[in-house]
Amino acid sequence: MMELLPSWAQLLPKQFTASGFVLRDDRILLINHRKHHVWIYPGGHVEPNETPDEACLREIFEETGVHCRIVSPRDETLGDPGVVEVLHVPWMVLCERIPTGTEPEHCHIDFAYVCEPLPGEGALLTEDTRETEGIGWFTLEEMSSLNLFPDFRRQVTKLLSP
């Protein structure tokens with residue numbers, strides 16, 4: 001049988017998370033993560049009885065105060081109203097190794113969506129200081145001086161490059 005994950009990921013417990021690349025004009029909304037001390041997209045754990053789509057939008061709002069919509073594709077013609085609902089297709093799905101610290105090492109299976117603020121949203125940011133040490137809109141050029149995970153820098157560069 002073909003292994004779908006590397007050996008390190010096979011052995012670790014998995015937790016589902018959802019995150020959003022929130023884009024406005026030529027800028028992306030980032031938070032400075034309090035625990036990891038890096039700039040990253042808003043996101044967090046999928047709660048019980050919550051879809052990844054719902055978790056993404058909830059986490060963005062909780063961490064930034066911005067109401068958004070997911071712009072990643074969703075073909076509603078494939079569902080059956082009232083029986084089968086079609087969720088948004090993530091821009092990417094990651095298996096992220098979360099190091100030990102305050103909790104045992106584990107993996108986040110992160111559904112990452114492309115989002116945009118709803119009309120009239122995004123000018124006023126509300127930082128959740130329990131989880132963040134900063135918040136802001138950044139161009140790709142402005143991000144060059146920020147502390148980012150190397151993979152996240154590649155992801156944002158690919159997403160924002162023409």
Side-chain angles (χ1 to χ4, degrees), residues 4-6 8-9 12 14-47 50-79 85-99 106-128 131-162:
L4 298 177
L5 291 173
W8 65 263
L12 294 175
K14 316 294 186 288
Q15 299 174 5
F16 290 98
T17 60
S19 304
F21 290 95
V22 182
L23 306 178
R24 185 179 74 175
D25 303 321
D26 63 342
R27 296 179 177 275
I28 185 169
L29 180 59
L30 299 178
I31 61 164
N32 192 353
H33 197 282
R34 181 170 291 286
K35 187 164 67 172
H36 300 295
H37 306 290
V38 294
W39 289 88
I40 191 103
Y41 49 22
H45 289 89
V46 177
E47 300 294 336
E50 184 177 54
T51 67
D53 299 41
E54 292 168 329
C56 173
L57 297 177
R58 176 185 50 77
E59 287 285 346
I60 291 169
F61 179 73
E62 287 177 1
E63 295 179 1
T64 70
V66 178
H67 288 99
C68 291
R69 72 179 190 93
I70 298 173
V71 297
S72 299
R74 176 172 72 151
D75 186 348
E76 295 180 63
T77 66
L78 299 175
E85 294 299 323
V86 178
L87 301 178
H88 291 88
V89 176
W91 185 65
M92 65 179 177
V93 180
L94 301 172
C95 179
E96 304 163 328
R97 187 178 202 163
I98 307 301
H106 59 283
C107 291
H108 282 174
I109 307 300
D110 190 29
F111 297 88
Y113 299 91
V114 177
C115 303
E116 67 182 11
L118 294 177
E121 292 281 324
L124 177 64
L125 300 176
T126 305
E127 182 178 358
D128 179 356
E131 297 191 36
T132 64
E133 297 179 316
I135 187 173
W137 293 99
F138 299 92
T139 64
L140 194 54
E141 183 179 319
E142 292 167 337
M143 288 174 44
S144 65
S145 63
L146 297 179
N147 183 29
L148 306 173
F149 289 122
D151 63 297
F152 185 70
R153 188 176 300 280
R154 288 190 303 273
Q155 294 156 13
V156 172
T157 299
K158 181 173 184 170
L159 185 63
L160 295 180
S161 295

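Quick note: residue numbers are just sequence positions, from 1. Just so it is clear, the structure is predicted and the values come from calculations on it, not from any experiment.
Ser19 meets the side-chain contact (heavy atoms from CB on, under 4.5 Å) test with Tyr41, Asp110; sequence neighbours excluded. Partners of Leu118 under the side-chain contact (heavy atoms from CB on, under 4.5 Å) rule, at least two apart in sequence or in another chain, are His67, Arg69, Glu121. Every residue meeting the side-chain contact (heavy atoms from CB on, under 4.5 Å) condition with Asp26, not counting sequence neighbours, appears here in chain and number order: Thr139. Residues that satisfy the side-chain hydrogen bond (donor to acceptor under 3.5 Å, both in side chains) test with His106, not counting sequence neighbours, are Gln15, His108. Residues satisfying the side-chain contact (heavy atoms from CB on, under 4.5 Å) criterion with Arg34, sequence neighbours excluded, are Thr129, Glu133.
Separating the OG1 atom in Thr17 from the CD1 atom in Ile109 is a distance of 8.0 Å, to the nearest 0.5 Å. Atom-to-atom distance recorded for Thr132:OG1 and Glu63:CD is 7.5 Å, nearest 0.5 angstrom. To the nearest 0.5 angstrom, Leu94 atom CG is 11.5 Å from Cys107 atom SG. Taken to the nearest 0.5 Å, the CD1 atom of Ile98 stands 12.5 Å off from the NZ atom of Lys14. Once rounded to the nearest 0.5 Å, the distance linking CG of Leu57 with CD of Glu50 reads 9.5 Å. Taken from CG in Leu148 to CD1 in Ile40, the straight-line distance is 8.0 Å, to the nearest 0.5 Å.
No donor-acceptor pair closer than 3.5 Å links the side chain of Thr64 to the backbone N or O of Leu125. Proximity of a side-chain donor or acceptor of Trp137 to a complementary backbone N or O of Gly122 within less than 3.5 Å is detected. Checking side-chain atoms of Asp53 against main-chain N and O of His88 turns up a donor-acceptor pair under 3.5 Å. With hydrogens and angles disregarded, no donor-acceptor distance shorter than 3.5 Å links the side chain of Glu85 to the backbone of Gly79. At least one donor-acceptor pair closer than 3.5 Å links the side chain of His33 to the backbone N or O of Lys35.
Using cut-offs of 30° and 60° for the angle between ring planes, the Phe111 and Tyr113 rings count as parallel.
Counted within 6.0 Å of CZ on Phe138, heavy atoms from surrounding residues, nucleotides or ligands total more than 12; the atom is thus considered enclosed.
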**Item:** side-chain contact (heavy atoms from CB on, under 4.5 Å) evaluation trace for Glu142 with Arg27
**Value:** CA-CA 9 Å; Glu142 292 167 337; Arg27 296 179 177 275; 2.6 Å; yes
**Message:** Checking Glu62 against Arg58 for the salt bridge (charged side-chain N to carboxylate O under 4.0 Å, His left out) test, could you report, in this order, the C-alpha distance in whole Å, the side-chain angles of both residues, the deciding distance, and whether it holds?
**Reply:** CA-CA 6 Å; Glu62 287 177 1; Arg58 176 185 50 77; 3.2 Å; yes
**Asked** Given Ile31 and Glu131, is the side-chain contact (heavy atoms from CB on, under 4.5 Å) satisfied, shown in steps?
**Response** CA-CA 9 Å; Ile31 61 164; Glu131 297 191 36; 5.9 Å; no
**Request:** Go through Arg24 and Leu29 one step at a time and tell me if the side-chain contact (heavy atoms from CB on, under 4.5 Å) criterion holds.
**Result:** CA-CA 8 Å; Arg24 185 179 74 175; Leu29 180 59; over 6 Å; no
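When every heavy atom of Val22 is checked against every heavy atom of Pro117, the shortest pair comes out as CG1-CD, 3.9 Å. Taking every heavy atom of both residues into account, Ser72 and Val114 meet most closely at OG-N, 3.0 Å.
The shortest side-chain heavy-atom distance between Cys115 and Cys56 falls under the 4.5 Å cut-off. At least one side-chain heavy atom of Met92 sits less than 4.5 Å from a side-chain heavy atom of Phe21. Proximity of Leu23 to Leu159: side-chain heavy atoms (C-beta onward) are separated by under 4.5 Å at one or more points.
For residues 148-158, the set of pairs meeting the side-chain hydrogen bond (donor to acceptor under 3.5 Å, both in side chains) definition, not counting sequence neighbours, comprises Asp151-Gln155.
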